[in-house]
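Only a predicted model underlies this, so the values are computations on that prediction, with no experimental measurement involved. Values reported hereafter were calculated over all heavy atoms of this structure, with side chains retained and with hydrogens, waters and symmetry mates removed.
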Amino acid sequence: MKLKLLRIALTIFCFTRIALAQTPVVQTKFTADPAPMVYKDTVFLYTGHDDDQAFGFRMKDWLLYTSTDMVNWTDHGAVASVKDFKWANSEDGAWAANA
């Protein structure tokens, strides 16, 4: 009986740890290539934004998220797009923010 309870407790513990590790910052949009930067007490997280209907990828802009506690995040939306750069080929899409 003790062995069975120990197995149940270990299983619950393991699944709880996995669930906590699987909570992404961005949950409602497709993003890629996160580029975190810290200034004073704020983390700035820049990400490429993948079009919801893309086959493969189609990234036309970069998003910004900020946090002062690494738990609560503020979505600032698109802060730049390929249209902001005259030299960029808008058909190729956006690449990593800090590449």
Side-chain angles (χ1 to χ4, degrees):
M1 184 67 171
K2 286 183 181 181
L3 184 58
K4 185 176 182 179
L5 289 175
L6 179 60
R7 286 182 183 163
I8 292 171
L10 285 173
T11 302
I12 291 170
F13 175 77
C14 289
F15 281 113
T16 301
R17 303 308 299 166
I18 292 170
L20 291 175
Q22 299 297 323
T23 306
V25 171
V26 181
Q27 298 181 23
T28 59
K29 299 175 185 173
F30 296 112
T31 60
D33 305 320
M37 298 175 194
V38 179
Y39 180 72
K40 295 187 179 182
D41 65 344
T42 303
V43 177
F44 294 80
L45 180 65
Y46 295 90
T47 68
H49 176 217
D50 202 2
D51 188 307
D52 292 350
Q53 306 303 319
F55 178 76
F57 80 94
R58 181 174 33 195
M59 294 187 197
K60 301 293 183 178
D61 55 18
W62 294 272
L63 306 177
L64 171 61
Y65 298 87
T66 58
S67 177
T68 56
D69 61 9
M70 297 291 290
V71 174
N72 301 295
W73 292 86
T74 301
D75 179 351
H76 297 273
V79 294
S81 78
V82 292
K83 295 175 186 175
D84 296 326
F85 303 95
K86 292 180 182 179
W87 50 264
N89 179 345
S90 63
E91 294 303 313
D92 289 340
W95 292 88
N98 69 345

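A single hydrophobic cluster is seen to contain both Val79 and Tyr39, as judged by linkage of ILVMFWY side chains at heavy-atom distances under 4.5 Å, directly or through other members.
Counting only heavy atoms from C-beta outward, the side chains of Leu63 and Thr31 approach each other to under 4.5 Å. Put simply, the side chain of Tyr65 does not reach to within 4.5 Å of the side chain of Thr74, judged on heavy atoms. Within the 4.5 Å cutoff, the side chain of Tyr46 has no heavy atoms near those of the Trp62 side chain. Residues Val43 and Met37 form no side-chain contact, since every pair of their non-hydrogen atoms from C-beta on lies 4.5 Å or further apart.
Note that the CG atom of Leu45 and the NE2 atom of His76 stand 10.5 Å from one another [nearest 0.5 Å].
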Item to complete: Please assess Leu64 against Phe44 for the test side-chain contact (heavy atoms from CB on, under 4.5 Å), listing each intermediate value before the final yes or no.
Response: CA-CA 7 Å; Leu64 171 61; Phe44 294 80; 4.0 Å; yes
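For Asp69, the side chain to side chain donor-acceptor pair (under 3.5 Å) partners two or more places apart in sequence, or in a different chain, are Ser67, Asn72.
If you chain together ILVMFWY residues whose side-chain heavy atoms come under 4.5 Å of each other, Val71 ends up in a group of its own.
Ion pairing of Lys29 with Asp50 is absent here, as no side-chain N (NZ or NE/NH1/NH2) approaches a carboxylate O to less than 4.0 Å.
Across Ala32 and Met59, no two heavy atoms sit closer than the pair CB-CE, 3.3 Å.
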